[in-house]
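Below, each value reflects all heavy atoms present in this structure, side chains not excepted, and no hydrogens, waters or symmetry copies.
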Amino acid sequence: MQRFQFLKLAAAAVIAVPLLLSGCGDKKNSELKVGATAGPHAANVQKAAEVAKKQGLNVKVIEFTDYISPNKSLEEGSLDIAIYQHEPFLNNFNKQQGTHLKNIGVAVVQPMGFYSKNIHSLKDIPDGATFAIPNDPSNEGRGLQLIEKAGLIKLQPGKDGSAITVADIIDNPKHLKFKELEAAQLPRSLSDVDIATIPMNYVISAGLSPEKDGFYYESKEAPYALIIIAARENNANNADVQKFVKAFQSPEVAKFIKEEFKGAVVPAWE
């Protein structure tokens, strides 16, 4: 009788082990993974994760140093949300990669600007100056459009911003030269070029000052300045995903952004 009871207990233990392991797996799977590029995007997401945790949502923040990997990870399912890009970039990525990512909310507004160690106004830009610009499709066009807006070049009319390259410059009266670099490398390039057009997140993460180092900016109403929250089409309405969006667009995160970035980055939902 004792031997029979022992065998029953042993069998129950064998069954319980995989059930316990399964339970651990479920808990791990309940963790929401949110990707952002290093710098202000990651800082904002981390603050939103703190807010979400108070509401019972466990969030893991994953930082990236490039623009392509977060969207690839999102499409593949290793991320649930990505917060780092404007909608034109997202649309171009979907078109080029055949992916199914969508805008599910607004995050922040952060304009691109001109930065230089030695030049502090448009009138001081010399003939033959070298501009460093982002080399990813939508941000290259974005940078060139900003240079055109400053009256320094003229671009071929009628092209979508994400399709514009240096080959579309049809008038260059100051004989400007252009150096195409990864966006993350642009702040470092200031020692080697006259001016760089740099997205605000890389300005802040590099320790540059928009007030001291920058001198010409996009309008805060520009579509490229608005950073969005992205998810997959098949998880956009997931309860945890929507819960995180609300946590991000909370008064606590808005206060953090205003205090941390002093107007260089502003909440887009207010």
Side-chain angles (χ1 to χ4, degrees), residues 22 24-110 134 136-142 160-163 182-184 199 201-202 223-250 253 257 265 267-269:
S22 174
C24 292
D26 289 343
K27 185 175 181 181
K28 187 176 181 180
N29 289 339
S30 69
E31 183 179 64
L32 198 73
K33 296 180 176 64
V34 183
T37 46
H41 292 318
N44 295 339
V45 169
Q46 188 62 57
K47 182 62 181 179
E50 294 172 12
V51 174
K53 189 168 185 178
K54 295 175 186 176
Q55 301 169 359
L57 182 61
N58 189 25
V59 178
K60 181 177 182 181
V61 181
I62 301 172
E63 293 189 22
F64 295 83
T65 57
D66 70 287
Y67 285 150
I68 304 301
S69 299
N71 276 349
K72 284 191 173 181
S73 298
L74 183 58
E75 175 69 13
E76 292 164 1
S78 53
L79 285 182
D80 301 296
I81 298 171
I83 305 179
Y84 73 101
Q85 65 198 310
H86 48 67
E87 192 164 30
F89 182 90
L90 177 70
N91 292 339
N92 186 66
F93 186 90
N94 281 333
K95 182 179 178 182
Q96 296 293 326
Q97 302 290 330
T99 48
H100 304 86
L101 309 178
K102 65 180 294 184
N103 175 356
I104 61 168
V106 297
V108 296
V109 177
Q110 48 186 51
D136 59 279
S138 61
N139 281 310
E140 178 169 359
R142 176 188 185 186
D160 179 73
S162 62
E182 287 188 12
N201 58 307
Y202 289 114
Y224 291 98
L226 175 62
I227 302 302
I228 62 165
I229 302 170
R232 292 182 303 281
E233 287 181 353
N234 65 5
N235 80 329
N237 295 318
N238 175 276
D240 285 348
V241 168
Q242 289 298 318
K243 191 172 185 178
F244 182 81
V245 172
K246 289 180 180 178
F248 191 98
Q249 296 175 343
S250 66
V253 175
I257 292 169
V265 179
W269 63 92

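- In this structure, Tyr84 OH and Phe64 CZ are separated by 8.5 Å, a value rounded to the nearest 0.5 Å.
- Across all non-hydrogen atoms, the minimal contact from Val253 to Asn44 is CG1-O, 4.4 Å.
- Side chain to side chain, Asn139 and Tyr224 fail the donor-acceptor criterion of an N or O pair below 3.5 Å.
- Considering CG of Leu79 and NZ of Lys60, their distance stands at 10.0 Å, rounded to 0.5 Å.
- The environment of NZ in Lys243 is crowded: more than 12 heavy-atom neighbours from other residues, nucleotides or ligands sit within 6.0 Å.
- Residue His86 comes nearest to Ile227 through the heavy atom pair N-CD1, 4.0 Å, listed as atom of the first residue, atom of the second, then distance.
- Here the side chains of Asn58 and Leu32 are not in contact, with every heavy-atom distance at 4.5 Å or above.
- To the nearest 0.5 Å, atom NZ of residue Lys102 and atom CD1 of residue Ile229 are 13.5 Å apart.
- A pairwise comparison of heavy atoms in Gln242 and Ala236 identifies NE2-O, 2.6 Å as the closest pair.
- When all heavy atoms are compared, the tightest approach of Thr37 to Asn201 is OG1-ND2, 3.5 Å.
- Put simply, CZ on Phe89 and CZ on Arg142 are 11.0 Å apart, with the number rounded to the nearest 0.5 Å.
- Not a single donor-acceptor pair under 3.5 Å links the side chain of Gln55 to the backbone N or O of Ala247.
- The side chain to side chain contact (heavy atoms under 4.5 Å, CB included) search around Thr65 returns none, not counting sequence neighbours.
- Although no hydrogens or angles enter the test, the distance criterion places a donor-acceptor pair under 3.5 Å between the side chain of Asp80 and the main chain of Lys33.
- One finds a salt bridge joining Glu50 and Lys47 here, because a Lys/Arg side-chain nitrogen approaches an Asp/Glu carboxylate oxygen to under 4.0 Å.
- Residue Ala107 comes nearest to Trp269 through the heavy atom pair O-CZ3, 3.0 Å, listed as atom of the first residue, atom of the second, then distance.
- In this structure Glu63 satisfies the salt bridge (charged side-chain N to carboxylate O under 4.0 Å, His left out) test with no other residue, sequence neighbours excluded.
- Atom-to-atom distance recorded for Asn238:CG and Phe244:CZ is 13.0 Å, nearest 0.5 angstrom.
- Distance check: Arg232 CZ to Asn235 CG gives 4.0 Å after rounding to the nearest 0.5 Å.
- Using a 4.5 Å cut-off on side-chain heavy atoms (C-beta onward), Val109 and Val265 make no contact.
- Contacts classified as side-chain hydrogen bond (donor to acceptor under 3.5 Å, both in side chains) and involving residues 88-100 (residues at least two apart or in different chains) are given here: Asn94-Thr99.
- Between Val59 and Lys53 the shortest side-chain heavy-atom distance does not fall below 4.5 Å.
- With contacts defined as side-chain heavy-atom distances shorter than 4.5 Å, the pair Ile62/Val34 does not qualify.
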Item checked: Steps toward side chain to side chain contact (heavy atoms under 4.5 Å, CB included) verdict (Glu182, Tyr67) -> CA-CA 9 Å; Glu182 287 188 12; Tyr67 285 150; over 6 Å; no

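- No donor-acceptor distance shorter than 3.5 angstrom exists from the side chain of Glu87 to the backbone of Asn103, with no hydrogens or angles considered.
- Considering all non-hydrogen atoms of both residues, Pro134 and Glu140 come closest at O-CB, 3.1 Å.
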